[in-house]
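Before I ask anything, let me first share the structure, which is written out below as structure tokens.
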Amino acid sequence: MTADVFGLQGLVLDGAFRVEDVIGEGGFALVYRGHHIHFDIPIAIKCLKVPSHFTSEARSLFFERFRTEARMLARLAEHPNIVRAYHFGVASSARGDVPYLVLEWLSGEDLEQFSERRRRASAPMSEADAIALLRPAVSAIAMAHQMSIVHCDIKPANLFLARGQEGVRMEVLDFGIAKAMQEGELATQLATKSSTGFRAFTPSYGAPEQFFSKRFGSTGPWTDVHSLGLVLTELVSASPALDGEDHAELLQSSIAERRPTPRLRNATVTDAFEALVARAV
């Protein structure tokens with residue numbers, strides 16, 4: 001059971017959002033089940049874990065960027081495959097001020113859970129099924145790119161298969177969080193003239209520029225495209241796209257001249273599909 005490290009269970013935030021159970025934890029956030037008192041509907045409350053090594057200036061920058069990204073998420077929610085945000089705020093907690101997002105409640109499972117079941121069963125998807133599954137996410141990310149918004153942490157855990165009255169729909173989660181974290185980290189490094197090793201992305205889905213920006217340049221829409229290529233490879237091979245158990249091994253796999261395409265993972269795919277993923281990565 002995930003601990004309530006912020007000590008928020010049982011509280012009502014901003015007079016409207018009752019915090020109930022802790023339902024999950026990731027690298028950047030703790031997620032609670034909650035209840036929207038005014039709307040009388042279930043909600044998810046995502047509380048962000050501000051890294052303890054951030055300087056006071058970096059924390060201020062992070063909170064400012066978080067507010068900007070939360071407003072952006074409200075605009076992105078016009079797309080049916082991006083999770084809807086109802087509110088954002090800052091709560092007082094046992095660990096100091098914690099920024100939080102109030103999001104629509106989704107029932108279902110993320111693509112990481114879905115893919116893990118298929119890996120255990122050695123059941124790769126067909127390329128047609130993999131494309132059909134990811135198409136809504138691609139559409140959502142494309143709209144974000146048209147608005148000059150980049151996700152920078154596309155991975156199966158951020159692609160959610162939500163069950164509703166009309167069946168299962170794909171929802172993209174966590175737009176803006178990686179960007180806000182990365183800007184806070186850069187501000188800290190500039191202020192302290194040191195590196196903490198903190199990474200505002202998931203190494204097993206990282207692009208070369210996220211590991212090594214001095215050599216490969218800045219992140220951008222291409223970073224999300226690269227991650228989608230890795231996810232496609234995993235779906236049709238039922239195995240991880242990048243080799244490695246730690247950051248150094250994943251870095252070498254990510255920047256290798258031989259790109260992580262389906263055929264490198266021994267998947268049987270058409271020439272067209274292999275070329276599609278090769279271009280993405």
(request) Could you tell me the separation between the CG atom of L134 and the CG atom of D129, rounded to the nearest 0.5 Å? (result)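 These two atoms lie 11.0 Å from each other.
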(message) The test is side chain to side chain contact (heavy atoms under 4.5 Å, CB included); show your working for L13 and V102 and say whether it passes.
(response) CA-CA 10 Å; L13 306 180; V102 178; over 6 Å; no
(request) Kindly work out whether a path of hydrophobic side-chain contacts (I/L/V/M/F/W/Y, heavy atoms less than 4.5 Å apart) joins I82 to V138. (result) yes
(message) Restricting to non-hydrogen atoms, name the atom on P221 and the atom on V150 that form the minimum distance, rounded to 0.1 Å.
(response)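 Nearest pair, atom of P221 first, then V150: N-CG2, 3.7 Å.
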(message) Under a plain distance cut-off of 3.5 Å, with no hydrogens placed, do D174 and H151 share a side-chain donor-acceptor pair?
(response)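 Distance-only check fails for H151 and D174.
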(request) Say whether, by atom type as modelled, one donor and one acceptor occur between the side chain of E274 and the main chain of R263 under 3.5 angstrom. (result) yes
(message) Working to the nearest 0.5 angstrom, can you tell me the gap between T202 OG1 and D153 CG?
(response)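 Going from OG1 on T202 over to CG on D153, the span is 3.5 Å.
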(request) First locate atom CZ of R259, then atom CG of L230, and finally report the distance between them rounded to the nearest 0.5 Å. (result)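 The CG atom of L230 is 8.0 Å from CZ of R259, to the nearest 0.5 Å.
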(request) Could you go through the side chain to side chain contact (heavy atoms under 4.5 Å, CB included) check for L8 and C47 one step at a time? (result) CA-CA 10 Å; L8 296 179; C47 295; 3.6 Å; yes
(message) Can you tell me how far apart CG (L106) and CZ (F160) are? Round to the nearest 0.5 Å.
(response)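 Here the interatomic distance stands at 5.5 Å.
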(message) Are the side chains of L30 and V22 in contact, using a 4.5 Å heavy-atom criterion?
(response)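 Touching, per the 4.5 Å side-chain cut-off.
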(request) Could you verify whether a donor N or O on one side chain and an acceptor N or O on the other, from T270 and E127, lie under 3.5 Å apart? (result) yes
(request) May I ask you to test the L76-I149 pair for a side-chain heavy-atom distance under 4.5 Å? (result) yes
(request) Spell out, yes or no, whether V31 and W105 are grouped together once hydrophobic residues are joined by side-chain heavy atoms under 4.5 Å, including indirect joins. (result) yes
(request) Establish, yes or no, whether a centroid distance under 6.0 Å links the rings of Y100 and F6. (result) no
(message) Less than 4.0 angstrom from a charged side-chain N to a carboxylate O is my criterion; do E234 and R265 meet it?
(response) no
(message) Using a strict threshold of under 4.0 Å (side-chain N to carboxylate O), is an ion pair present between K155 and D110?
(response)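 No, no charged N to carboxylate O under 4.0 Å.
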(request) With the side chain counted from C-beta on, respond yes when L232 and P262 share a heavy-atom pair under 4.5 Å apart, and no when they do not. (result) no
(message) As an exercise, state the distance from CD of Q252 to CG of D246, rounded to the nearest 0.5 Å.
(response)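 Q252 atom CD to D246 atom CG measures 10.5 Å (nearest 0.5 Å).
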(request) For residues Y32 and D4, determine if any side-chain heavy atom of one lies less than 4.5 Å from a side-chain heavy atom of the other. (result) yes
(message) Quick one: does any side-chain atom of Q210 pair with a main-chain N or O of G206 as donor and acceptor, under 3.5 Å?
(response)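 No; zero donor-acceptor contacts below 3.5 Å.
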(request) Please report the shortest heavy-atom distance between T233 and P260, naming the atom on each side. (result)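 Residues T233 and P260, closest heavy atoms: OG1-O, 3.4 Å.
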(message) Are more than 12 heavy atoms, taken from residues, nucleotides or ligands other than R279, located less than 6.0 Å from that residue's CZ atom?
(response) no
(request) Classify the side-chain pair S239/S237 by whether it contains a donor and acceptor separated by less than 3.5 Å. (result)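 A pair is found: one side chain offers a donor N or O, the other an acceptor, under 3.5 Å apart.
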(message) Set out, in order, the CA-CA distance, both residues' side-chain angles and the distance that settles ring-ring contact (aromatic ring centres under 6.0 Å, His included) for H226 and Y205, then state yes or no.
(response) CA-CA 8 Å; H226 180 277; Y205 297 93; 9.8 Å; no
(request) Please name the pair of heavy atoms, one in L159 and one in A137, separated by the smallest distance, quoted to 0.1 Å. (result) CD2-CB, 4.0 Å
(message) Just so I know, are the side chains of F211 and P203 near enough to count as touching, which here means a heavy-atom distance under 4.5 Å?
(response) yes
(request) Without swapping roles, check the side chain of S253 against the backbone of D243 for a donor-acceptor pair under 3.5 Å. (result) yes
(request) Start with the C-alpha gap between T223 and E209, add the side-chain angles, then the distance that decides, and say whether side chain to side chain contact (heavy atoms under 4.5 Å, CB included) holds. (result) CA-CA 8 Å; T223 307; E209 64 272 14; 2.6 Å; yes
(message) For a salt bridge (Lys or Arg N to Asp or Glu O under 4.0 Å) check, start with the C-alpha distance between E104 and R169, then their side-chain angles and the critical distance, and finish with the verdict.
(response) CA-CA 14 Å; E104 67 176 308; R169 73 182 188 279; 3.4 Å; yes
(message) Quick check on F39: does its CZ atom have over 12 non-hydrogen neighbours (other residues, nucleotides or ligands) under 6.0 Å away?
(response)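 Count not over threshold, so no.
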(message) Pairing donors with acceptors under 3.5 angstrom, does anything connect the side chains of E25 and T2?
(response) no
(message) Ignoring hydrogens, what is the shortest heavy-atom contact between G108 and R163? Give both atom names and the distance.
(response)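 Taking every non-hydrogen atom into account, CA-NH1, 3.4 Å.
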(request) Identify the heavy atoms of R119 and A238 that sit nearest to each other, and give their distance. (result) CG-O, 3.0 Å
(message) Distance alone, cut at 3.5 Å: any donor-acceptor contact between the side chains of D224 and S227?
(response)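 Side chains of D224 and S227: no pair found under 3.5 Å.
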(request) Could you state whether L242 and F212 fall into the same hydrophobic cluster, counting links through intermediate Ile, Leu, Val, Met, Phe, Trp or Tyr residues with side-chain heavy atoms under 4.5 angstrom apart? (result) yes
(request) Could you go through the side chain to side chain contact (heavy atoms under 4.5 Å, CB included) check for Y86 and L101 one step at a time? (result) CA-CA 8 Å; Y86 296 129; L101 282 166; over 6 Å; no
(message) A side-chain contact here means heavy atoms from C-beta on lying under 4.5 Å apart; do F273 and T261 qualify?
(response)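 Counting from C-beta outward, F273 and T261 never come under 4.5 Å.
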(message) Looking at R118 and E116, is any side-chain nitrogen of the basic one under 4.0 Å from a carboxylate oxygen of the acidic one?
(response)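 Looking at E116 and R118, the cut-off is not met.
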(message) So, taking the atom named CG in L161 and the one named OG in S107, what distance separates them when rounded to the nearest 0.5 Å?
(response) 12.5 Å
(message) Is there a path of hydrophobic side-chain contacts, each under 4.5 Å between heavy atoms, that joins L264 and V281?
(response) no
(message) Membership question, hydrophobic clusters at under 4.5 Å side-chain separation (ILVMFWY): are L276 and V225 in the same one?
(response)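 No; tracing contacts between hydrophobic side chains, which count when under 4.5 Å, never links both residues.
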(message) Are F17 and H36, when compared by the centres of their aromatic rings, separated by less than 6.0 Å?
(response)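 Close enough - the centres of the two rings lie under 6.0 Å apart.
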(request) State, yes or no, whether a side-chain contact exists between V98 and V90 at a heavy-atom distance under 4.5 Å. (result) no
(message) So which atom in V172 and which in A140 form the shortest heavy-atom distance, rounded to 0.1 Å?
(response) CG2-CB, 4.0 Å
(message) Is there a side-chain contact between R67 and F88 in this structure, where contact means two heavy atoms from C-beta onward sitting under 4.5 Å apart?
(response)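 Yes; the side chains approach each other to less than 4.5 Å.
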